K.L.:
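This is the structure, below, for whatever I ask next.
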Amino acid sequence: MKILCVAEKPSISKSITQILSGGQFATRATGSQYVKNYDFAYPQARAQVTFTCVAGHLLSSDFDENHRKWNSCDPFALFDAPVITDVDKDKKAIATNLQNEARRAQQLMIWTDCDREGENIGAEIVKVCRKTNPAIPVKRARFSAIIAQQIHNAAQHPVELDRRQADAVDARIILDLRIGAAFTRMQTKALQNAFVGKVEGVVSYGPCQFPALGFVVSRFEQVKAFVPEQFWYIYLAITRQTSDGEEETSFTWRRGHLFEFDVAHVIYEGVLEAESAKVTKVTKKNTKKFKPYPLTTVELQKAGSRILKITPKKVLEAAEHLYQQGFVSYPRTETDQYDPQFDFMSLVGKQVADPTWGPFATQLQGGQFSAPRKGKNNDNAHPPIHPTAHANNLVGDEKRVYEFIARRFLACCSKDALGFETTVDVECGGEEFYATGLIVLERNYLDVYPYDKWTGKELPDFEEGETFVPSLRELRDGQTSRPNLLTEADLVGLMDKNGIGTDATIAEHIAKIMEREYVLEKMEGTTKYLAPSTLGMGLVDGYNEIDFDRSLSKPQLRRMTERSMVEVCQGNKTKGDVLEETIEQYREMFVLARNNFNRVIEVPVFISSARLGFELMFAPAAPARDMPPPPPPPPSARPAAAVTLDEEEAMWDIVDSMDSPPPPTPQLAARPPPKLPSTSSAITGPIAGPSRLPTLNAALRPEAVPDIVRCFCGRPARQLVVKKEGPNTGRPFLGCGTPKVMPDDESCTFFQWADEPPPTVPAKRPYPAVGRRATCPPSAANAI
DNA sequence: GCAAGGTC
């Protein structure tokens, strides 16, 4: 029997051919430069096989002639206009090849990726092949990895194509087209009419573009609304003579800091009155800094943006080109776990040749290898991104992206860094303080992965029960710090977590909202931040003025589409049901938007931009007029924890912060400088603050203070460890004592590093409007 | 001149 097998892309076609043919195959060129036909015998199924492929979707959809032109119809008509689906103009050669091959085949076997899009592409292949062989029987090969045994199993036990999954994608395609085109034409024309001659180019609406813009605007609003708040904390230090001279050890107040001067003052008096401090406990333990997880597309883009300072889109392009040259594996993958049978050592061996990290690879070969950590994601189609060959003639972005991928792979194959941690607990005047020291014993993966930092901190010897007179006891103050605007890496992360776009398209959406000038770059040092333009701001503000059930600039609408697709896949709804329902909803929204578009045009940001010269709004170099003062330079790679203004945003940020607790607001709070800068003050000795203190109730007296860290909810904080890979992987932190169970659960946002000097105010605290978070009484943060 | 999703 002659079987025609069709994969989703050239790489898969080639690798599966290698496996099924055992390397014995003939190659034929096709009309497409990317597609090859491979012929071989497959005796296990008594078949003669031709293996070929497509390159993603074969078909594309657009409106018919009467609706395709912008001025051919009212945009509202696009919700019902006929949609024509045909072979994409760039895919004609691929379709012709399929039809020629299908004519001669007795069976068609679909080998597309095993996901919804793959099932849909499979249906497209069937449709095209049946034009020349209408009765050809169709089978579907199901495989979860390109591993010989699985591939043979898939070839010998094929299943049926899943019509429902293909239908779900059909529905998405039609919805995106109708909604995108209708809203884009409507709002472009409305703005052109309102600001004659001032609006150039399209003002597009897209179900992924707008939520992406929404994230940027939302963070911008938070930055703008920020009001710094003063807080107080007690600083305690001891100076000892050592062989190297004098050495000062700083102790951190267990209580962190307080927002009420009077209260801090009373406690401070107690500390001052104490004759000495006593070491209550010395804890010594082994500790680790975990090596990173295997690399996914999203992580590559985030790291590329953050570490290499290359935009997500360019990182992906570089990786794509490296892949085409055979230097790295397939760059679009959600998988962060390696198959147990993966041949690590031969790939490690290929890196030995590198002059820089080659010696490290040699060490791995010499017994330092350790199996990579296993992440939670597997797309069952591709392994994590890894180098497949050594490359030494690269330049520019490709060189840097390759180096990152190679180092990441070697880091994954090494051992965690090992350290030894000492914590000294001290009591003084009824208050607890602590100091932490770290000795890095074995750097291991850190030697090949310079993007992670872990530095030791020496601590002099302290003995349990020992007492000493502190050399410094100060009441210091600091201010909560402004959160930063979003970086591209932050935006990639937010979109990924909220299901806006896919790993392969997120970068394009971000590039698009910048190209459309809804969002502008704002450089701070070497970090690129994203700020809305007046156009982007006006659109979001404007639509927010209209009373939609669901905001156009929040992720909920996209999530609804996603849910509908799942319903179709499960058979609870048909494609027709979903199309009908969804289009009806959007029709209503469209009418509402169009009838109230004057509200969009009249939002202050549009009006003021128009008065001052509307061009300003569209000039890429011109930042939004009401740009807040620049955020302080980034003290660490990540901006301070996001702060939220409403419930939905609160939810995003819970998603954000649960995975990887953001660092505490840094600046003054996190690291009080040893010498007092003008922005910070300290009180030593007799108190010079507000004179007499108000009467405190019993609960406020220092003696009544429980000696454990409590979170905003008032419950004891839980000690947890950062699981997410990143600079802080493995680091202990204190979080809310009642962690959320369901995604929508409320939990308070208390956060504090367990191992760092003065923990600072949780970033969410200082914001005036804190939606639902009020369930954690704000006063609890201050209560002692 | 519109969308988002595959991929080259």
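The structure displayed is predicted, hence computed values, not measured ones.
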K.L.:
A:R558 near the nucleic acid: base, sugar-phosphate alone, or nothing, with a heavy-atom cut-off under 4.0 Å?
P.N.:
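Here A:R558 touches the backbone only, sparing every base.
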K.L.:
Are any of A:Q209's side-chain N or O atoms less than 4.0 Å away from OP1 or OP2 of B:dA4?
P.N.:
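Yes, within the criterion.
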K.L.:
Under a 4.5 Å cut-off applied to non-hydrogen side-chain atoms, are A:E545 and A:V603 in contact?
P.N.:
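In contact.
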K.L.:
Run A:K314 and A:D397 through salt bridge (charged side-chain N to carboxylate O under 4.0 Å, His left out) and show every step you take.
P.N.:
CA-CA 8 Å; A:K314 288 213 163 91; A:D397 286 354; 5.9 Å; no
K.L.:
With a 3.5 Å cut-off and heavy atoms only, can you find an N or O donor on one side and an acceptor on the other between the side chain of A:D62 and the base of B:dC2?
P.N.:
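Indeed, a donor on one side and an acceptor on the other fall under 3.5 Å apart.
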K.L.:
Look at the aromatic rings of A:H386 and A:F409 and report parallel, tilted or perpendicular, splitting at 30° and 60°.
P.N.:
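Plane angle between 30° and 60°, so tilted.
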K.L.:
Please identify which of these residues, A:F51, A:W111, A:F25, meets the ring pair (Phe, Tyr, Trp, His ring centres under 6.0 Å) condition with A:Y38.
P.N.:
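With A:Y38 as partner, ring pair (Phe, Tyr, Trp, His ring centres under 6.0 Å) holds for just one option, A:F25.
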K.L.:
As a quick check of understanding, evaluate ring pair (Phe, Tyr, Trp, His ring centres under 6.0 Å) for A:F79 and A:Y586, giving each step before the final call.
P.N.:
CA-CA 9 Å; A:F79 287 112; A:Y586 274 91; 7.4 Å; no
K.L.:
Test A:N377 against A:E334 for side chain to side chain donor-acceptor pair (under 3.5 Å), laying out the working first.
P.N.:
CA-CA 6 Å; A:N377 307 291; A:E334 292 168 40; over 6 Å; no
K.L.:
Using a 4.0 Å heavy-atom cut-off across all strands, classify A:E508 as base, sugar-phosphate, or nothing.
P.N.:
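The residue A:E508 makes base contact.
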K.L.:
Categorize A:L78 for me: base, sugar-phosphate, or nothing, with a 4.0 angstrom heavy-atom threshold over every strand shown.
P.N.:
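Counting heavy atoms under 4.0 Å across all strands, no contact is made by A:L78.
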K.L.:
With a 4.0 Å limit, can you tell me whether A:K189 has a side-chain N or O closer than that to the phosphate oxygens OP1/OP2 of B:dC2?
P.N.:
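Answer no for this pair, as no side-chain N or O of A:K189 is under 4.0 Å from OP1 or OP2.
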K.L.:
Report yes if at least one side-chain N or O of A:T502 is closer than 4.0 Å to OP1 or OP2 of B:dA4; otherwise report no.
P.N.:
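No, A:T502 has no side-chain N/O under 4.0 Å of OP1/OP2 on B:dA4.
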K.L.:
Around A:R28, counting heavy atoms of other residues, nucleotides and ligands shown, do more than 12 lie under 6.0 Å from its CZ?
P.N.:
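Above 12, so yes.
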K.L.:
Report which part of the nucleic acid A:T188 touches: base, sugar-phosphate, or nothing (heavy-atom distance under 4.0 Å, all strands).
P.N.:
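Base contact.
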K.L.:
What does A:S60 touch in the nucleic acid at a heavy-atom separation under 4.0 angstrom: a base, only the sugar-phosphate, or nothing?
P.N.:
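It contacts nothing in the nucleic acid.
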K.L.:
Could you check whether A:G501 gets within reach of a base, just the sugar-phosphate, or nothing at all, counting any heavy atom under 4.0 Å?
P.N.:
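The answer is sugar-phosphate, as A:G501 gets under 4.0 Å only of primed atoms, P, OP1 or OP2.
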K.L.:
For DNA chain B, find the residues of residues 316-323 of chain A with a heavy-atom distance under 4.0 Å and give them by number; none if there aren't any.
P.N.:
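By residue number: A:E320.
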K.L.:
Hey, does A:Y205 reach any base, or is it just sugar-phosphate, or nothing, if we go heavy atoms under 4.0 Å?
P.N.:
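Sugar-phosphate contact only.
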K.L.:
Quick one: label A:F210 by what it contacts on the DNA or RNA (base, sugar-phosphate, nothing), any heavy atom closer than 4.0 Å.
P.N.:
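Result for A:F210 = nothing.
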K.L.:
With the stacking rule set at 5.5 Å and 30°, tell me whether A:W70 counts as stacking on B:dG1.
P.N.:
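Stacking between A:W70 and B:dG1: present.
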K.L.:
Using a strict 4.0 Å threshold on nitrogen-to-oxygen distance, state whether A:D113 and A:R332 make a salt bridge.
P.N.:
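Salt bridge flag = no for A:R332 with A:D113.
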K.L.:
What is the nucleic acid contact for A:P207, judged by heavy atoms within less than 4.0 Å: base, sugar-phosphate only, or nothing?
P.N.:
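If one applies the 4.0 Å heavy-atom cut-off, A:P207 turns out to touch the sugar-phosphate alone, with no base involved.
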K.L.:
The side chain of A:R332 lies closest to which of these nucleotides: B:dA4, B:dC8, B:dC2?
P.N.:
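Minimum distance to the A:R332 side chain belongs to B:dC8.
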K.L.:
From NE2 of A:H67 over to P of B:dG1, roughly how many Å is that when rounded to an integer?
P.N.:
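So the two atoms are 18 Å apart, to the nearest Å.
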K.L.:
According to a strict under-4.0 Å criterion, is A:T505 in side-chain N/O contact with OP1 or OP2 of B:dG5?
P.N.:
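For B:dG5, OP1/OP2 do have a side-chain N/O of A:T505 under 4.0 Å.
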K.L.:
Would you mind checking if A:D167 and A:K573 are paired as a salt bridge, meaning a charged N to carboxylate O distance below 4.0 Å?
P.N.:
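Salt bridge between A:K573 and A:D167, a charged N being under 4.0 Å from a carboxylate O: no.
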K.L.:
What's the closest nucleotide to the side chain of A:Q192 if the choices are B:dG1, B:dG5, B:dA3?
P.N.:
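It is B:dG1.
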K.L.:
Using a 4.0 Å heavy-atom cut-off across all strands, classify A:R178 as base, sugar-phosphate, or nothing.
P.N.:
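Since no nucleic acid heavy atom lies under 4.0 Å of A:R178, the category is nothing.
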K.L.:
Find the distance A:R172:CZ to B:dG5:P and express it as a whole number of Å.
P.N.:
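One finds 6 Å between P of B:dG5 and CZ of A:R172, rounded.
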K.L.:
Taking only N and O in the side chain of A:R516, is any of them less than 4.0 Å away from OP1 or OP2 of B:dC2?
P.N.:
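Yes, A:R516 has a side-chain N/O under 4.0 Å of OP1/OP2 on B:dC2.
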K.L.:
A:G56 near the nucleic acid: base, sugar-phosphate alone, or nothing, with a heavy-atom cut-off under 4.0 Å?
P.N.:
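The answer is base, as A:G56 lies within the cut-off (heavy atoms under 4.0 Å) of a base atom.
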K.L.:
How close or far is atom P of B:dA3 from atom NE2 of A:H57, stated in whole angstroms?
P.N.:
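These atoms are roughly 16 Å apart.
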K.L.:
Which part of the nucleic acid, if any, lies within reach of A:D90 when heavy atoms closer than 4.0 Å are counted: base, sugar-phosphate only, or nothing?
P.N.:
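Answer is nothing: A:D90 stays at 4.0 Å or more from every strand.
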K.L.:
Specify the residue among A:I179 and A:L58 whose closest nucleotide of DNA chain B lies further upstream toward the 5′ end.
P.N.:
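Per heavy-atom nearest nucleotide, the more 5' residue is A:I179.
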